[in-house]
Structures are given as structure tokens and as C-alpha cells.
Amino acid sequence: MSKITDNLNEPQKRAVETVAGPVLVLAGPGSGKTRVLTRRIAYMIEEKGIAPWNIAAVTFTNKAAGEMRERVALILQEMYGAPPAGQPTRLGGLTIGTFHSICARILRVETAAIGFQPNWVIYDSADQVALVRAVMRDLNLDEKRYPPKAIHAHISKRKNDLVTPEEYRSASYFEEIAGRVYRSYQEALRANNALDFDDLLLRTVLLLRDNLDVRVKYQRKWPYLLVDEFQDTNSAQYELLRLLAGEPTNQRNLFVVGDEDQSIYRFRGADYRNVQLFRRDYPDHVEILLEQNYRSTQTILDVANALISQNRNRTPKRLHTENGQGVPVMVYEAYNEVEEAAFVADEIEKLLATKAFQPGDFAVTYRTNAQSRALEEAFVMRQIKYKLIGATRFYERKEIKDALAYLRVLHNPADAVSLERIINEPPRGIGAKTVEALRLWAAEIGVTPGEALQIVHHGPQRVALQLGRTLSPTAYKAPPLGARAQNALIEFAGLLETWTTTERSGQYASVADLLDVVLAESGYIATLRDGTDEGEDRFANLQELRSVAAQYTQGMPALQPQQSPLSLFLEEVSLVSDSDQIDESAGAVTLLTLHTAKGLEYPVVFIVGMEEGILPHSRSLESGDPEDMAEERRLTYVGVTRAKKRLYLVHCFRRSLWGDSAVQQPSRFLDDIPPDLLSGMVDRQRRREGSYQRVTSWDGDPARGQSRSQTGGYWTGRSKSAPPPSTPAQLPSKAPSTSGSTYWSPGAGAQAQKANRPAATGDALKFKRRDSVQHASFGIGTVIESEATRDGDEQVTVAFPGVGIKKLLVSLANLKKL
DNA sequence: TCCTGAAAGCTTTTT
DNA sequence: GCTTTCAGGA
């Protein structure tokens with residue numbers, strides 16, 4: 001018996017100690033999953049004598065990877081003392097990372113095998129869409145008809161399903177177009193010496209699949225594989241695991257931990273059915289169920305169970321805890337999102353005043369990032385410290401992307417996407433026309449745009465010599481550019497050249513030095529700091545980037561002998577995620593999406609926007625795919641199970657979407673929770689009738705509860721900061737305005753008002769009031785109103801029995817008149 | 001070529 | 001309502 005497994009329950013112990021063969025652990029939320037993973041690694045190393053460098057653990061974020069590494073080190077240190085002299089850590093060579101970072105690492109070493117130049121870069125989503133757009137331009141495809149974003153999404157999906165351009169088959173004209181783009185896009189990536197996110201997985205899988213030597217090499221390197229959040233793996237990731245654990249060595253030491261109920265990344269290709277595949281592919285696997293919860297109160301778990309048990313195709317689990325019943329989960333209806341935020345702030349202040357909680361104990365979660373705005377405003381007003389995760393992702397900010405693009409061009413001159421990004425940023429007289437001319441000219445000669453730039457600068461002879469290859473005769477003719485454009489290009493090429501020389505010669509102490517030189521000499525900083533607050537904000541962001549860059553110094557340990565600090569830096573920033581900046585010790589309320597909240601826990605959790613159209617999101621409502629709805633439910637489940645002690649489910653009576661205020665229905669998920677677990681629950685039937693008494697007091701604040709339950713109107717809360725509209729009774733009667741949102745669910749009053757309006761008076765309207773219509777996903781309904789929109793379209797308001805009132809655009813909705 | 005104001009379009013969720 | 005894109009003038 002090992003010390004490492006002391007204090008673990010039986011199934012946990014079994015999970016830690018079953019080291020050989022395939023193991024599937026289905027772990028409910030808060031069941032000590034992280035503990036099992038860390039203990040298991042420690043156990044393998046100390047008790048089984050497995051070398052750390054023979055273990056690879058895959059986590060969901062880089063942050064989780066870092067934490068896991070620290071925890072394992074700590075366990076080992078505590079149990080076995082400091083590491084032997086001369087050895088910095090007992091974890092030397094242990095691999096912990098995300099699928100993407102581990103694949104990047106493999107490909108960095110195997111660059112030759114995939115036929116790329118060693119200095120390849122990773123394209124993020126924005127770069128990918130930019131490249132798709134460029135490719136589509138070359139193919140003369142109409143961006144209006146085939147939005148590059150949609151095309152890219154389709155390509156990405158196929159890549160995650162391991163479909164290569166050669167294997168690609170199309171089932172529609174759109175897919176046929178996408179297939180053409182896919183082919184050219186992959187070629188363009190190669191020409192740019194770049195891999196996109198999906199390539200990291202796809203190319204690694206293909207490499208391991210087709211190259212026996214390489215496969216055996218990595219099978220020997222990592223005979224032991226551990227995977228966290230297995231339910232969120234996609235086909236490519238699953239295949240990667242199978243390859244690493246499979247033939248010819250067939251070691252099969254695969255330990256995967258997951259929870260089907262927490263699968264929330266379907267949109268990214270994740271497929272919780274990989275759990276079933278695992279069972280099929282490894283019929284002799286050991287399966288372990290972790291059902292005891294160490295995180296939440298029984299009440300919170302009961303709510304979670306009630307929600308998730310409605311889903312099909314899941315392994316039934318009975319979550320239980322010894323933490324005790326706890327207090328009821330509070331449901332609260334706010335008037336609108338301002339009141340909602342005020343309520344959240346009120347409750348936080350109230351709980352803080354009890355001294356039982358600290359700001360860092362609170363998390364406010366929501367479905368979409370857009371919902372954070374109202375909350376932020378309330379927190380700023382009350383001076384509650386908060387930390388917002390992920391609204392505008394740091395590495396997606398313009399100034400950050402620009403700065404990185406400068407560095408990327410130095411590192412990988414073939415990167416045309418980055419070059420185009422910065423060639424006229426700040427404006428230096430190289431406009432769209434010039435860039436286009438340069439691009440076409442480069443294509444004609446058969447060089448990259450970067451090389452074409454050099455030819456403009458130094459002439460073809462010298463460049464041919466430098467590149468060590470002959471250039472096409474076209475290169476020796478004068479470039480098709482005006483004198484002014486050429487001068488601008490020459491000047492820019494000169495700048496690039498000086499910087500490149502600095503970089504190549506290693507004449508910089510850290511990447512921060514490079515960044516300083518580039519941003520100063522390009523005039524970027526000067527242009528950015530224009531005296532406005534925004535300019536200073538952006539400058540501050542660049543300083544933050546600089547402080548990261550400063551950590552990448554000459555002589556730091558590198559994966560490959562020739563790898564420069566710049567190369568390491570660029571790789572690192574390509575793979576970070578936003579959740580990497582979550583800092584539990586920050587002493588501030590955390591604002592984050594339900595997705596980012598996965599894997600975290602907080603004593604007090606708010607889920608705001610518990611409304612039809614928000615959670616579940618309207619996209620999932622309208623798609624009609626039950627799997628979409630099941631995922632929304634899982635997302636809610638993830639949110640609920642983040643809470644340790646207290647949980648609030650908040651929804652609004654009205655909400656502003658796209659600048660319009662719309663009446664909201666409470667989320668269907670609220671209906672699935674047994675009322676005895678809740679406090680402040682509204683009887684929804686009576687709510688629809690327009691009158692109810694409600695008790696909003698939660699834990700002995702009668703004054704508060706009373707002041708709200710008087711009128712029986714919809715408005716139920718009064719907050720310090722946002723006074724209520726004058727007469728609550730008036731509120732529901734205001735009909736939603738007709739422009740903007742395509743989704744709204746009116747209360748009874750609004751609906752009546754709406755129906756009484758005269759029908760629109762346009763002349764060429766296809767539908768009129770009382771028409772019966774059929775819609776693909778909503779079924780048969782009756783037209784309430786139809787009107788012409790400003791842009792010549794027709795907007796129809798239809799009541800679908802059992803579904804609700806929908807506003808639809810005739811051009812999009814494919815409505816049939818019956 | 002660049003700047004300005006107007007108009008379109010946008011919102012899932014992220015490695 | 002806010003941000004990105006587009007058209008037109010300097």
C-alpha cells in the first residue's frame with residue numbers, strides 16, 4: 001500500500017493503481033479527478049519506477065498542464081523529500097500539455113518528415129480566415145455568396161474529421177466550393193510555411209499513421225498516456241491516441257478520464273461518443289466510475305442531477321456527497337440585464353458583508369461574452385473588484401496581432417498573411433493597389449511576396465544569388481509598380497532587412513529587445529500613442545506582451561538545438577488560451593463564460609441569462625437538432641456543478657439584444673428543477689397569467705423579500721443603482737420594436753398589442769396576417785404580421801404553436817405558404 | 001492613398 | 001448597440 005493512495009476512496013485508489021492496460025474513468029464533477037490524475041503520475045514514477053520521460057499527460061489547457069506539473073512535483077516532494085542532488089526535479093522529461101502543444105512539439109522535431117521549413121509558424125483563427133479570403137480572391141469566388149468564415153468553418157470541421165483534400169467529397173454546391181478552397185488553402189499554408197490549428201492534429205496523425213519509424217519512435221517515447229477531459233476529444237485527437245497506444249508495439253497503456261455530461265465542445269468537433277468508441281476499441285479495458293462529489297452541497301448536486309438526467313445516451317451516474325444539504329438554490333427574475341447585474345452585485349455585497357466570503361469566491365457565468373457588459377458596468381459602479389476572462393482575447397487584439405505579425409515575418413519570411421497585415425501598418429504609402437500588384441507579380445515570378453519585396457529592393461540578380469536559385473525571366477523585367485509605390489516598398493524592405501539581420505545574428509538579449517526595435521523603428525508606437533486613452537490602452541497591452549517576450553532570452557533551453565528564443569516565443573503565444581489567465585488568487589470576482597468555467601470551482605456561482613434564446617442559445621433552439629439542445633443542457637450542468645456552496649440562477653423579464661428590448665421566457669431548464677430545491681421560484685403558469693406573489697428573500701431578509709412581492713407585476717426587484725421604471729404594470733404592454741432581433745418571445749401583453757397592429761402596408765409582400773405557413777424546423781404556424789424591411793426583404797412574424805412567436809426573414813427562412 | 005461618415009452585419013461557445 | 005466594412009471626397 002502506497003502513501004500516495006492514502007486518503008483516496010476505493011474507486012479513486014483503483015484508478016490510480018491500475019497502471020497497465022486501457023482504463024476508462026468516468027468522473028462526475030468534483031469527484032477528485034485532478035487528484036486522481038496527479039496521484040497517478042506520482043504513483044507511476046515513485047511506486048512503479050516508470051521514468052517520467054515515458055509518460056505523457058494531455059490536459060485541456062496549458063494552464064491545467066502547468067498546474068498538474070506543479071502538483072505532481074509537490075506530492076513527490078512532500079512524500080519523498082527533495083529531489084536527488086544534481087537533478088532539478090523528479091519530473092525531468094515528463095510531458096504534460098494540450099493535444100495541440102504536444103502535436104506542435106512532435107511536428108517541430110519532425111519538420112523534415114512533413115516537408116516544411118523548420119521555421120514554420122502556427123496560424124490562429126483570424127489568420128486562417130484571412131488566408132481563406134486570399135485564396136478565394138485568387139479563385140474568383142464571391143465572398144458575399146460564400147462567406148470566408150463559413151467556408152473556413154467547414155474546412156476546419158473536415159480537417160478535424162481527418163478528411164484530407166484528396167479524400168474530400170462534396171454533397172452540395174457549397175461543399176463543392178469549400179472543397180476547391182480547401183485544396184488551395186492547404187497549398188497556400190505550405191507556401192506560407194505555416195500550419196493552422198487543425199493541421200497540428202491532422203498532420204501529426206497522418207505522420208504517425210503513414211510513417212512506421214516515426215510512430216514507433218513516439219510509442220517508445222511515451223508508453224504511458226493519460227488524457228483528461230476525454231469527452232471533449234475530436235476524431236483527430238482520438239485517432240492520435242489510438243496510434244500512439246497501438247501497433248506495432250501495442251502497449252495500450254491508455255488512461256482516459258472524462259465525463260460525457262460535461263461535453264461542451266461539439267461545435268469544435270468534440271464527440272463524447274469517443275467514450276463509446278473507447279469501450280469498443282478496448283473491450284478489455286477497466287472502467288471506473290467516480291460518483292462521490294467533494295465539491296458541492298447535496299442541493300446543488302440534486303439540481304445538477306435533475307437537469308442532466310433528461311439527456312439520453314449517457315452513462316447514468318448518481319452524484320452524492322457528504323457535504324450536507326446546504327442552502328436552496330436561488331432563482332431570481334430581474335427586470336432587465338441592468339437589474340440582473342444589480343442583483344448579482346447586491347448579493348455579492350451582501351455575502352461579502354457577512355465576512356464569510358471573499359471577492360475571489362465568486363464567479364458570474366454566462367452563455368455569451370456579450371453578456372458581460374452589463375455586469376461590468378454594475379461592478380465598476382459599486383467598485384467591486386472583478387476579473388473578466390476572455391471578452392476580447394488578449395492575443396486577438398489588433399495591436400498584439402500586429403506586433404506578433406512583425407515578429408513572425410522576421411522569423412518566417414514566407415508568411416504572406418503576416419506580411420500583408422503589417423506592410424501598411426502604420427500607413428506608409430503601400431495601399432491595397434500596391435499590395436495586390438506585388439502579390440500578382442510575385443505569383444507570376446513564382447516567389448513569395450516577401451521575396452518579391454526583396455527583388456524590388458535589391459534587384460533580381462542579388463536576390464537570385466541569395467536564394468540560391470534561378471528566377472523566372474519575368475523577375476528581370478521592371479516590376480509593374482509606380483515610382484512612389486516602389487520607393488515606399490524599398491524603404492519598408494530596408495527596415496525588414498535590418499531587423500532580420502539583427503534576428504538572424506542573435507544580436508538581441510531577449511525577444512523584448514527585438515520587439516522594442518521593431519515597434520519603434522516601424523513607427524508603430526508613435527502612431528499608436530496618439531494622445532487618446534484608447535491609444536494608451538493599446539500601448540499598455542503591448543507592454544504586457546513585452547513582459548512576456550522578455551522571458552524569452554538567449555540561452556534558454558530549447559527543444560531543438562537551433563531553435564531561437566523568437567521561435568519559442570512565437571510557438572508559445574500561438575498556443576495559449578484565455579483560461580490560462582485565470583488566477584484564483586486574484587482576490588476579485590471572476591466573470592467568465594460557461595465554457596471557460598469548465599474545470600473550475602467557486603464557493604458562490606451565478607448563472608445569469610437563464611432564458612430561452614440565451615441558455616439554451618437561440619442557435620440551438622432554431623437548429624432543431626436535439627444534440628444541440630442536449631449540449632446546452634450539459635453546459636448548464638457544467639455551470640451548476642461549479643458551485644461549492646451557493647448557486648444563483650438568474651433570468652430577466654426583458655433583455656436588450658442588438659439594441660432592441662425583447663421580452664424573455666425563463667429557460668426551459670428551470671422547469672426541470674424540482675421546486676423544493678429552489679427558493680424564489682416563480683410559478684410559471686401564474687407568471688404567464690400576469691399575477692403572482694413571489695418571495696425573493698433567500699436567507700432571512702424579510703424586509704427585502706416583502707418590498708418586492710407587493711404588486712404582482714413583472715418587475716420584482718429594486719436596486720440601489722438602477723431605479724425601476726415608473727409603473728411596473730406598464731412594462732409588458734410595450735411591444736418589442738420591429739427591427740433588429742430575429743428572436744423574441746413576448747409575454748401575453750406584448751403579444752396582444754402586437755396582434756392588434758394593422759398589417760404592414762407594403763405592396764409586394766408575400767405573406768399577410770392569418771396566413772398558414774410551414775417552416776423546416778418550427779413546423780406549421782400562423783402569420784401575425786408581415787412587413788417590408790428597409791433593405792427590400794420581408795419580415796414575417798409567425799406564431800408557431802408549441803414553439804412560440806418567431807420573426808423570420810423571408811429571404812432566409814424558407815417559409816412555405818399553405 | 002488615406003480619412004471620414006454611413007451602412008451593414010453581427011453573437012455562440014475556443015484549442 | 002457596437003464594430004467592421006464600404007463608398008466617396010481630399
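The chains referred to below are lettered A, B, ... by the order of the sequence lines, with proteins before strands, and numbering in each begins at 1.
As a whole-Å value, the separation of A:Gln128 CD from B:dT14 C1' is 12 Å. What separates CD of A:Glu396 from P of B:dT13 is a distance of 10 Å, to the nearest Å. Note: CG (A:Asn234) to P (B:dT14) measures 17 Å, nearest angstrom. For the pair A:Arg105 CZ and B:dT15 C1', the computed distance is 18 Å after rounding to whole Å. When the P atom of B:dT11 is taken as reference, atom OH of A:Tyr366 falls 17 Å away, rounded to whole Å. Across the protein-nucleic acid pair, A:Glu229 atom CD and B:dT14 atom P stand 15 Å apart, rounded to whole Å. In this structure, A:Glu436 atom CD and B:dT1 atom P are separated by 12 Å, rounded to whole Å. Rounded to whole Å, the distance from CG on A:Leu240 to P on B:dT15 is 19 Å.
Using a 4.0 Å heavy-atom criterion, one finds that A:Phe99 contacts no nucleic acid atom at all. Residue A:Arg634 is out of contact with every strand shown, counting any heavy-atom pair closer than 4.0 Å. Using a 4.0 Å heavy-atom cutoff across all strands shown, A:Ser101 reaches no nucleic acid atom at all. Among the protein residues, A:Asp124 comes within range of no part of the nucleic acid, since none of its heavy atoms lies under 4.0 Å from any strand. Among the atoms of the strands shown, only primed sugar atoms or phosphate atoms (P, OP1, OP2) are found under 4.0 Å from some heavy atom of A:Lys149.
Here A:Phe267 lies parallel enough and close enough to stack on the base of B:dT13, with planes under 30° and ring centres under 5.5 Å apart. Residue ring and nucleobase are not stacked for A:Phe60 and B:dT15 under a centre distance beneath 5.5 angstrom and an angle between planes beneath 30°.
Enclosure of atom NZ in A:Lys157 is not indicated, since only 12 or fewer non-hydrogen atoms of other residues, nucleotides or ligands lie within 6.0 angstrom.
Between B:dC2, B:dT15, B:dT14, one nucleotide has an atom nearer to the side chain of A:Thr61 than all others, and that is B:dT15. Among the nucleotides B:dT15, B:dC2, B:dT14, the one closest to the side chain of A:Ser125 is B:dT15. Checked against B:dT14, B:dC2, B:dT13, the side chain of A:Thr368 finds its nearest nucleotide in B:dT13. Here B:dT1 is the nucleotide among B:dT13, B:dT1, C:dC2 with the atom lying nearest to any side-chain atom of A:Lys433. Distances from the side chain of A:Tyr265 to the nucleotides B:dT14, B:dT15, B:dC2 place B:dT14 closest. Of the candidates B:dT15, B:dC2, B:dT13, B:dT15 carries the atom nearest the A:Arg268 side chain, counting heavy atoms from C-beta on. Listed nucleotides: B:dT14, B:dC2, B:dT15. Nearest to the side chain of A:Thr593: B:dT14. Side-chain atoms of A:Thr434 lie closest to B:dT1 of the nucleotides B:dT14, B:dT15, B:dT1.
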Taking it one step at a time, do A:His651 and A:Glu611 satisfy side chain to side chain donor-acceptor pair (under 3.5 Å)? CA-CA 6 Å; A:His651 61 105; A:Glu611 294 143 41; 5.5 Å; no
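In this structure, A:Leu201 and A:Ala370 both approach DNA chain B, and ranking their closest nucleotides by distance from the 5' end singles out A:Ala370. Each of A:His617 and A:Ala432 lies near DNA chain B, and the nucleotide nearest A:Ala432 is the one positioned closer to the 5' end.
In terms of phosphate contacts, A:Asn369 brings no side-chain nitrogen or oxygen within less than 4.0 Å of OP1 or OP2 of B:dT11.
Classified by interplanar angle (parallel below 30°, tilted 30° to 60°, perpendicular above 60°), the ring pair A:Tyr146/A:Phe174 is tilted. In this pair, A:Tyr335 and A:Phe653 present their aromatic rings tilted. The plane angle is within the 30 to 60° band.
Proximity of a side-chain donor or acceptor of A:His595 to a complementary backbone N or O of A:Ile264 within less than 3.5 Å is detected.
Looking only at atom types and distance, the side chain of A:Tyr272 has no donor-acceptor partner in the side chain of A:Asp261 under 3.5 Å away.
Between A:Phe99 and A:Tyr238, the distance from one ring center to the other does not fall under 6.0 angstrom.
Residues that satisfy the salt bridge (charged side-chain N to carboxylate O under 4.0 Å, His left out) test with A:Glu572, not counting sequence neighbours, are absent from this structure.
A salt bridge is absent between A:Asp271 and A:Arg266; no separation between the charged side-chain nitrogens and carboxylate oxygens falls under 4.0 Å.
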Toss me the dot-bracket line for DNA chain C: Watson-Crick and G-U wobble, both under 3.5 Å, 5' to 3', using | for pairs to another strand and [ ] for crossers. ||||||||||
